[in-house]
Enquirer: 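Handing you a structure now.
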Amino acid sequence: MSPASAPPLVTRWTRLWILTLATSVPLTVWMVRANWDGSTPILHVVIATLFFVLTTWTALWFWVAAAGFRLAWRRGSALAKAPAPPTTKLDPEQRTAILVPVYNEDAAEVFARVEAMRQSVAAAGAARAFDFYILSDTTNPDVFLEEVWHWLRMSRQRSVADMGAADSSDGADDSYVYYRRRCKNVRRKAGNIQDFCERWGAHYRNMIILDADSLIDGSVFVQLAARMQADPQLGLLQTPTLPLGDSSLLSRCQQFAARLCRPLLSEGLDWFSGDGGNYFGHNAILRTAAFTRHCGLSDLPGQAPLGGEILSHDFVEAALMRRAGYRVRMASDLTASYEQCPTTLTEFAQRDQRWCQGNMQHALIAAGERIPVTSRFHFVTGIMSYALAPLWLCFLLLSALAWIVSSASPTASLQVAGASAPVISAASLFAIVMAMLVAPRAFGTILAAREPSGLAGFGGMLRLVGSLLLEFVISVLLAPIMMAFHSLFVISTLQGRSVQWGSQNRSDVGVPFRQAWQNHRGQTLAGLVAAGVLAALSPASLIWASPVLVGLICSIPIAMLVSSARLGAWFKRRGLLEIPEEVHPPAIVEAYRRQLGNIHALGAPPRKEIFRRFLESPALLRAHIDALRATREIASASDDKLNQLADRINSNQWDKITIDEKRAVLIDPSALTALHEQLWHAKTFAEPLHI
Amino acid sequence: MTATEAITFDSETTATVRLRLADYGRAAGLRDSDALRFSETCLAEALDRLADAAVTADTAAQLLRTALRIASECCVADSGAHRAVDRAEAAAVTRVRFSHRGLRSLPPAVPPECSQPMPPQPLGSAKGARVPRAIQLTSPAALTSAAPTSNT
């Protein structure tokens, strides 16, 4: 259904909630009738309430996916067809900045992505309409020197390439690639973007915000800019991102499930949200002036973690953009938009911990004044993604308690004697809820099976079914582990324990036993205790509890196995958990791999030597000082720090130079130049350094 | 000090300095021929600067230090105030290499009087939210017309 022919937003929302409640209310009544024995009425009321909340949420997403399925079925494929190139030419005055915020990331990968996207934009014939900004908040001095090294390498490659191209001597076919590092990462990513908006935002009509792991085809950049140009009321346009992770078993599961279900969920949610869409923090275009004027974040009342600085800024910025009267939409048809996903269960949980705290903060904002209804819904959705875990945990514990109480009651023997009816009823209920949970996967499978090319992308029908079963089993095993993690995150956030932010490690190192033991021993113990209690008091209930108990008890080996790159590679060789983008890699993905291969072939300085290389090399030091001058935070290093540094260099103890000493000198161009000259002088005359 | 009393350097000293400067030029990314020209220019500039300087115990070290200072002014500091930059084509090469259109450090920031601050927006209804000032919303049409380039 085209947006023009779609019913009004209110009608769509009313339909969604009617369908949702028409599903969850009868199921709750059914559950109460099947379990009510009159022995513990309060307990049963609490259980019924929890069941209603959990089922309502499950039903809501089932109907969102069903709406997406309906739209895709009418169109004939899961993914919207690639849009035709925009008919309107991009106005050279309406330029767009592509922002790549980085924070202690793998510099080689970041710059390989930027170079791939820059070339893709040039291939789309729109290089002059876009500039790239690598906005570094990196705190590790060795990592930011690596960033400068890669930036300089790109510069030299472009120089050589352009010297060989007669028609590009003025760089007319090239986007600028700017690099800026902040010495203090005030307000993290939101502050990084704010700094850009205030200093260079006025040069650009739009900005496309990426993550360090984002990868977008040049044609999508052009489409995004063209749509912003065509609709002045459009404030934010989000692309649906597809996580690509072909390494560990966990990342393969994520990419498979996302490829199968996310297009439907995104499209369904877009249909229900209309102009009140959401923003996921990256892979989206924003109207710069509107963002600058209306989306500045204030601190929440109180202290962290619930108050203070807003961590998950994206939802809030979408709400503010919407509140200012601009449209916030999802571009469901611009599918060549990718990101990476965590490879290990530890990284996955760490990311969820950050998101959990950020989303819990939204409770204060969701109840705020003049927040649009759809934005409140998005806030609640984000909160519920984590709040559901403790609710589910309570439901399980109370259900087990009710079972035990019921088994111990004088009428228990009678119930057991005629137990087949309640058991069948409970099994039916369980089957219906599970059906709603797996429905998005089923919808995706049906759409894939509808067209031969779609099926081939998943490795054929046999492999698709095998992948579905494998992903389902892993999801079932991981569900109780993530429930335990999420419950812990929610409780620790409510207790006022703040989240420590760190760089996400996307390397394929897996989870060693020691780390798995540290992270999952509590879950294993909880599973064993629960199993022991149930076995002693109500052995029959063990069958019902087994899906949860197995996941908890085996959480250590599960964490190690799903995080294993070797196991991921094993499944990859057999074509399991395969997605179309793996069988036929998109051009931008291939370009990125090619760039990364080139960088690795070239060889970057080892991290432990990079500080020395920068001090010695005029070219590298020049690039660093250039980048440094562009910041407003040049400072003189203290004499103590410089003397310590000179002492270590004089005694050839480069590996003993501390991060603090490096940080101090790397923001002081005068000290750097003096050290540089003396190092060169010392090559001829062995004199000690004096700063 | 008159011209006849100026410091003089033996050929061995200048050769050592010349070699070191050529190494420096190559490390700065110059081709061999450019590095040699760069070396000559920096050495000439250093000799000029030392012509009026006081004689020290270690004149060779003094010459190298001065020459390296000039070289680093060209290649690292890019101070632009020294005469060597104007005289050395080789030094100019280094400037061109680093200021290529394709990649630059950063464009000039919007001047402070034209920059657009990002005011914090009121959020939530709880008392005590730290918001400097409330934003008066206007109609979407007004926002659109004012939005893109208004710096006032």
Side-chain angles (χ1 to χ4, degrees), chain A residues 151 154-155 158-159 162 170-171 174 176-180 194 197-203 205 232-233 287 289-290 292-301 316 320 324-326 364-365 367-369 616-619 621-623 625-627 629-630 669 673 676-677 680-681 683-685 687, chain B residues 16-17 20 23-25 27-29 58 60-61 64-65 68-69 71-73 75-78 94 97-98 100-107 109-110 114-132 135 137-141 143-151:
Chain A
W151 180 69
M154 276 180 81
S155 171
R158 291 310 306 155
S159 298
D162 288 347
D170 63 347
D174 214 353
Y176 285 107
V177 179
Y178 297 113
Y179 174 82
R180 187 283 269 124
Q194 178 177 347
C197 289
E198 292 180 343
R199 298 178 66 187
W200 301 287
H203 296 311
R205 184 69 59 98
Q233 284 300 107
R287 198 168 291 281
T292 308
R293 189 171 177 189
H294 300 289
C295 298
L297 301 179
S298 50
D299 287 346
L300 293 171
V316 183
L320 291 172
Y326 288 90
L364 283 171
I365 307 166
E369 295 165 5
E616 286 183 348
S617 163
L621 195 59
R622 163 70 183 266
I625 289 176
D626 269 359
R629 281 189 181 134
T673 312
H676 167 75
E677 287 169 17
W680 272 90
H681 194 261
K683 284 184 176 182
T684 308
F685 298 98
E687 291 178 353
Chain B
T16 306
V17 173
R20 181 57 71 211
D23 285 347
Y24 190 95
D58 194 345
L64 180 61
R65 190 173 292 114
L68 283 171
R69 170 69 48 81
S72 80
E73 282 171 1
C75 298
V76 178
D78 190 22
T94 66
R97 290 183 70 90
F98 294 114
H100 187 267
R101 185 191 185 281
L103 296 100
R104 286 184 183 167
S105 177
L106 276 176
V110 177
C114 301
S115 68
Q116 196 170 19
M118 200 161 167
Q121 302 295 303
L123 289 170
S125 55
K127 290 177 183 174
R130 296 193 286 272
V131 181
I135 302 299
L137 290 179
T138 56
S139 70
L143 292 175
T144 308
S145 60
T149 53
S150 172
N151 293 324

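Atom set for the values below is all heavy atoms of this structure, side chains included, hydrogens, waters and symmetry mates excluded. By convention in this document, chain letters (A, B, ...) are assigned in the order of the sequence lines, proteins followed by strands, and residues within each chain are numbered from 1.
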Enquirer: Under 3.5 Å, is there a donor-acceptor pair between the side chain of A/Gln194 and the main chain of B/Pro117?
Expert: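 Side chain of A/Gln194 to backbone of B/Pro117, a donor-acceptor pair under 3.5 Å: no, none is there.
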Enquirer: Restricting to non-hydrogen atoms, name the atom on B/Gln121 and the atom on A/Leu320 that form the minimum distance, rounded to 0.1 Å.
Expert: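 So the minimum-distance heavy-atom pair works out to CB-CD2, 3.9 Å.
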Enquirer: Grab the two heavy atoms, one from A/Ser617 and one from B/Ala27, that are nearest each other, plus how far apart they are.
Expert: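 Closest heavy-atom pair between A/Ser617 and B/Ala27: OG-O, 4.0 Å.
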Enquirer: Looking at A/His681 and B/Leu64, would you say the former's side chain and the latter's main chain have a donor-acceptor pair under 3.5 Å?
Expert: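 Not confirmed, A/His681 side chain does not pair with B/Leu64 backbone.
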Enquirer: Measuring from A/His676:NE2 to B/Ser72:OG, what's the distance to the nearest 0.5 Å?
Expert: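 OG of B/Ser72 is found 5.5 Å from NE2 of A/His676.
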Enquirer: Using heavy-atom distances under 4.5 Å, tell me whether A/Thr673 contacts chain B through its side chain, its backbone, both, or neither.
Expert: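 For A/Thr673, side-chain heavy atoms alone lie under 4.5 Å from chain B.
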Enquirer: So, does A/Thr292 use its side chain to make a donor-acceptor pair with the main chain of B/Met118 at under 3.5 Å?
Expert: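 No: the side chain of A/Thr292 does not pair with the backbone of B/Met118.
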Enquirer: Quick check on B/Arg20: does its CZ atom have over 12 non-hydrogen neighbours (other residues, nucleotides or ligands) under 6.0 Å away?
Expert: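 It does: B/Arg20 CZ has more than 12 such atoms within range.
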